[in-house]
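Following: one structure in structure tokens, then a few remarks.
Just so it is clear, the model here is predicted, and its values are computed rather than measured. Here is the naming used below: chain letters follow the sequence lines, and residue numbers restart at 1 for every chain.
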Amino acid sequence: MPLTLYNTLTRRKEAFTPLVPNRVSMYVCGPTVYDFAHIGNARPVIVFDVLYRLLRLEYGADHVKYVRNITDVDDKINARAAERYPDLAPEAAIRKLTEETAAQFHTDIAALGVLEPDVEPRATDHIAEMGKLCDALVQKGHAYVAEGHVLFDVSSMADYGKLSNRSLEEMEAGARVEVAPYKKGAMDFVLWKPSKPGEPAWPSPCGIEGPGRPGWHIECSAMSEKHLGKVFDIHGGGIDLAFPHHENEIAQSRCAHGTPMMAQVWMHNGFLQVEGEKMSKSLGNFITINELLATNKFGSNQWHGRVVRLAMLGTHYRQPIDWTADKLLQARNTLWDIARMMHGNPADKSAPNPEVVAALSDDLNTPKAISILHGLMKSAVRNPDARDEFMATLELLGIYGGESVEDLNPGFEARKVDGARVRTLIAARLDARKRKDFKESDRIRDELSAMGVQLKDAKDPKTGEIVTTWEVRAAGTAEPRS
RNA sequence: GGCCACGUGGCGGAGUGGUGACGCAGCGGACUGCAAAUCCGCGUACCCCGGUUCAAUUCCGGGCGUGGCCUCCA
């Protein structure tokens, strides 16, 4: 199936061909680990996981290398570490903070059903590589040393600004911040900077005497080169990173290596809003992945990770997404339907549905894929033979992993009912129904309903016997249809 | 101010130069003692104004609205 991807660099959808035949390399900007990952951070994690799965399907699992980094050196980290662990030495505080935060990140996104990347490099393990990049850039005249800093000279690169489609003149005209006196050009950016006491510090490159630390963008240039090479296939991240982060990555990597491109395809997921507003701490609508999964803070419910994932994939990745409780409710209903049918059905080695593969191959059209999925679900209800393909398709999207309805209903334990008592009451009701004592049977049904138990009567197709099944309704605003 | 993205029915959300994807909700019906579930059926949607065209929601221009980015900063 030919794969088409929208390339921010050209502002077009383009047919995708790996640079090295049958070998796909992908780099996605991961988190800066200083705090809980928020729901906006979850979007690229989920979106590029779908792409990873699709690429593995097309090229084979061993032919795709997916690198997603962890940035563990950053001013925000330094500040947060000092704030949270004032009694520890700076270095120990930073290590503690970054390790804890990275572990939390892994826990949170594992619930979203994402595969692990092939390599998850950390910035602090690549300081030497960053130094080499600095050296190379200075040697080639693309960077200069000033007051202990290494700065990239943007005027040395003819097409700087191509990714974000802005010219140097425009950017300089729009600059709102005072320019540091040691910079040659207003848009020059830092590759390396001196460390003050208490800040993380490494031996500086480019002949600088004092210790220092890397600037923001250099870590991704270093890590992508080490793990994927000087030029690779796909680079992904949020649209907010296009400028300056990715623009500067391109500048560093291309100028250091003398290559015409860094990655051939640049993909950016759209921004996320919450209930129609920008997500920000000051608006009080800031929501972390963990809060979604483990608290009732959003939409008065806990949400299973698969529900979060399905809700996220309901919007095309390049579109802005408005994160609402209603989306989660709809996703949960859909997953409940899936779980009712598929729970306990072992996964099969079938191929996923070709139409869904085609939809995903068209620049990851997940909403269309999900719509096709609804049709597959109908077929699978009627025809158990269709379930293998359905399951394989669910697997490709990563939206269902064999969970039961109860699994998909976090917080279920809190509402747990006495199963033996429920079964006794159901038996009594069936008995009353046989006697046509409908008053009594309705009374029992109401009693169960008050306990949060919903009954469903069905006839056994073979015997004609009435079989009653039951489910516990979820708490909160949205009553499931079960 | 500059650059960019988006604006589709009650809601979500694809897509297309000419027969109203799909889901949720809603309505009608079948089935059921009732209820739930299930099944069948039901929708004069494309922000506004111009232009191109036999034909525009789809292309072009302008407007309005929403959002993003605009240097080492949170």
Side-chain angles (χ1 to χ4, degrees), chain A residues 8 11 34-35 74-76 79-80 149-152 154 161 164-167 169-180 182-183 185-193 213-218 238-248 268 270-273 276-282 310-311 313-316 318-322 324 326-334 337 340 359 362 365-375 377-378 381-382 433 436-439 441-442 445-446 448-449 453-459 466 468-471 473 478-482:
Chain A
T8 306
R11 273 153 269 277
Y34 70 102
D35 203 347
D74 179 272
D75 288 351
K76 290 187 288 266
R80 184 62 58 89
H149 294 72
V150 183
L151 292 133
F152 188 92
V154 293
S164 51
N165 193 31
R166 34 188 113 190
S167 67
E169 299 76 62
E170 275 166 17
M171 287 187 270
E172 280 165 8
R176 296 184 304 201
V177 177
E178 206 177 321
V179 178
Y182 48 80
K183 283 189 183 179
M187 299 308 297
D188 293 353
F189 59 92
V190 168
L191 303 173
W192 190 267
K193 54 191 166 186
R213 58 209 164 99
W216 179 20
H217 321 291
I218 192 84
I239 187 67
D240 52 319
L241 293 179
F243 188 89
H245 185 55
H246 292 163
E247 196 72 74
N248 291 349
H268 293 99
F271 223 66
L272 178 140
Q273 282 182 273
E277 287 184 308
K278 180 177 177 170
M279 179 168 74
S280 73
K281 281 177 179 158
S282 59
L310 179 58
L313 295 177
T315 300
H316 183 87
R318 280 193 280 120
Q319 294 277 38
I321 187 169
D322 187 16
T324 61
D326 193 56
K327 275 195 176 75
L328 288 162
L329 286 169
Q330 283 201 21
R332 190 172 69 176
N333 270 344
T334 302
D337 285 346
R340 276 189 204 100
D362 179 15
N365 194 338
T366 52
K368 189 173 179 188
I370 290 167
S371 118
I372 297 163
L373 203 65
H374 279 107
M377 179 150 55
K378 276 189 185 167
V381 167
R382 297 192 183 109
R433 288 187 56 183
K436 301 223 185 285
D437 184 353
F438 295 123
K439 200 175 169 187
S441 83
D442 287 353
R445 195 186 62 223
D446 290 346
L448 284 164
S449 178
V453 173
Q454 176 66 57
L455 300 181
K456 285 192 290 188
D457 293 334
K459 267 186 190 160
I466 298 287
T468 300
T469 56
W470 60 283
E471 283 177 5
R473 281 195 300 255
E479 292 305 312
R481 311 183 328 255
S482 54

Q: Pick base, sugar-phosphate or nothing for K436(A), based on heavy-atom distances below 4.0 Å to the nucleic acid.
A: nothing
Per atom distances to the P367(A) side chain, the nearest of G33(B), A14(B), C22(B) is A14(B)
Counting the atoms with a prime plus P, OP1 and OP2 as sugar-phosphate, which does R433(A) contact under 4.0 Å by heavy atoms, base, sugar-phosphate, or nothing? base
Sequence neighbours excluded, the answer for ring-ring contact (aromatic ring centres under 6.0 Å, His included) partners of F152(A) is F189(A)
| P gap between A30(B) and G23(B), integer Å | 23 Å
By the Watson-Crick or G-U definition, both distances under 3.5 Å, U52(B) is matched with none
Answer for the Watson-Crick or wobble partner of U19(B), both distances under 3.5 Å, is none
Does F271(A) lie flat on the base of G68(B), that is, centres under 5.5 Å apart and planes under 30° off? no
Side-chain contact check for K278(A): nearest option of G23(B), A74(B), G67(B) is G67(B)
Across the strands shown, which category fits N165(A) at heavy-atom distances under 4.0 angstrom: base, sugar-phosphate, nothing? sugar-phosphate
Q) How is Q273(A) classified with respect to the nucleic acid when contacts are heavy atoms under 4.0 Å: base, sugar-phosphate, or nothing? A) sugar-phosphate
Atom CZ of R445(A) and atom C1' of A35(B) are separated, to the nearest Å, by 4 Å
- Query: Is the backbone N or O of N365(A) less than 3.5 Å from a side-chain atom of D362(A), with the two atoms forming a donor-acceptor pair by type?
  - Reply: no
Q319(A) CD to G13(B) P, in whole Å, measures 8 Å
Checklist line | Pairwise P distance, A25(B) and C31(B) [rounded to whole Å] | finding: 23 Å
| request: Determine the Euclidean distance between corresponding C1' atoms of C4(B) and C46(B); express it in Å to zero decimal places. | output: 23 Å
Is the number of heavy atoms from other residues, nucleotides or ligands under 6.0 Å of K193(A) NZ greater than 12?
yes
So NE2 of H268(A) and OG of S164(A): to nearest 0.5 Å the spacing works out to 9.5 Å
Atom CZ of R166(A) and atom P of G2(B) are separated, to the nearest Å, by 14 Å
Does T324(A) contact G12(B) through a side-chain donor or acceptor facing the base, at a distance under 3.5 Å?
no
Rounded to whole Å, CG of N333(A) lies from P of C24(B) at a distance of 8 Å
Side chains of H217(A) and H246(A): donor-acceptor distance under 3.5 Å anywhere? no
Protein N or O to nucleotides 61-65 of chain B N or O, pairs below 3.5 Å:
none

Considering only heavy side-chain atoms of D326(A), the closest of A36(B), G23(B), C11(B) is C11(B)
Quick test: give all pairs of protein nitrogen or oxygen and nucleotides 39-41 of chain B nitrogen or oxygen below 3.5 Å, distance rounded to 0.1 Å.
{"unit_1": "C40(B)", "atom_1": "OP1", "unit_2": "R382(A)", "atom_2": "NH2", "d": "2.8"}

Any donor-acceptor N/O pair, T324(A) side chain to K327(A) backbone, under 3.5 Å: yes
Practice task
For A74(B) versus C22(B), give the span between their C1' atoms, rounded off to a whole number of Å.
Solution key: 41 Å
Picking from C22(B), C70(B), A74(B), the nucleotide nearest the side-chain atoms of S371(A) would be C22(B)
Taking atom P in both C54(B) and G65(B), what distance in whole Å separates the two?
35 Å
Closest to the 5' end of RNA chain B, once T315(A) and D442(A) are matched to their nearest nucleotides, is T315(A)
_By the 4.0 Å heavy-atom rule, please label S164(A) as base, sugar-phosphate, or nothing._
sugar-phosphate
Task: Whole-Å C1' distance, U32(B) and C40(B) - done: 16 Å
Query - Euclidean distance for P, G63(B) against G18(B) (whole angstrom) - result: 28 Å
From CD1 of I239(A) across to C1' of C70(B) the rounded distance in Å is 13 Å
- Task: Look at K327(A) and C11(B) and indicate whether a side-chain polar atom (N or O) is within less than 4.0 Å of OP1 or OP2.
- Result: no
| said: Does R433(A) qualify as a cation-pi partner of F438(A), given the criterion of NZ or CZ under 6.0 Å from the six-membered ring centre and within 45 degrees of its axis? | reply: no
What nucleic acid atoms does G215(A) come within less than 4.0 Å of, heavy atoms only: base, sugar-phosphate, or nothing? nothing
Scanning all shown strands, the Watson-Crick or wobble mate of C64(B) with both distances under 3.5 Å is G7(B)
Whole-Å distance, L313(A) CG to G12(B) P, equals 18 Å
Comparing nearest nucleotides in RNA chain B, the 5'-proximal residue of the pair K368(A), H149(A) is K368(A)
Note: A359(A) and I372(A) closest approach over all heavy atoms is CB-CD1, 4.2 Å
CZ of F271(A) to CD1 of I321(A), rounded to nearest 0.5 Å, is 13.0 Å
| request: For D457(A) and T468(A), indicate whether the former's side chain and the latter's backbone hold a donor-acceptor pair under 3.5 Å. | output: no
Taking the C1' atom of each, how far is G43(B) from C27(B), in whole Å? 10 Å
Re U38(B): Watson-Crick or G-U wobble partner, both distances kept under 3.5 Å, found to be A30(B)
inquiry  = Classify H316(A) by what it touches in the nucleic acid, base, sugar-phosphate, or nothing, heavy-atom distance under 4.0 Å.
reply    = sugar-phosphate
CE of M187(A) to CD of E247(A), rounded to nearest 0.5 Å, is 9.5 Å
Output for pair (D188(A) CG, Y182(A) OH), nearest 0.5 Å, gives 11.0 Å
OG1 of T8(A) to CG of L241(A), rounded to nearest 0.5 Å, is 11.0 Å
L329(A) CG to C11(B) P, in whole Å, measures 17 Å
No-H, no-angle donor-acceptor pair, D457(A) side chain to C34(B) base, under 3.5 Å
yes
Whole-Å distance, N365(A) CG to U16(B) P, equals 9 Å
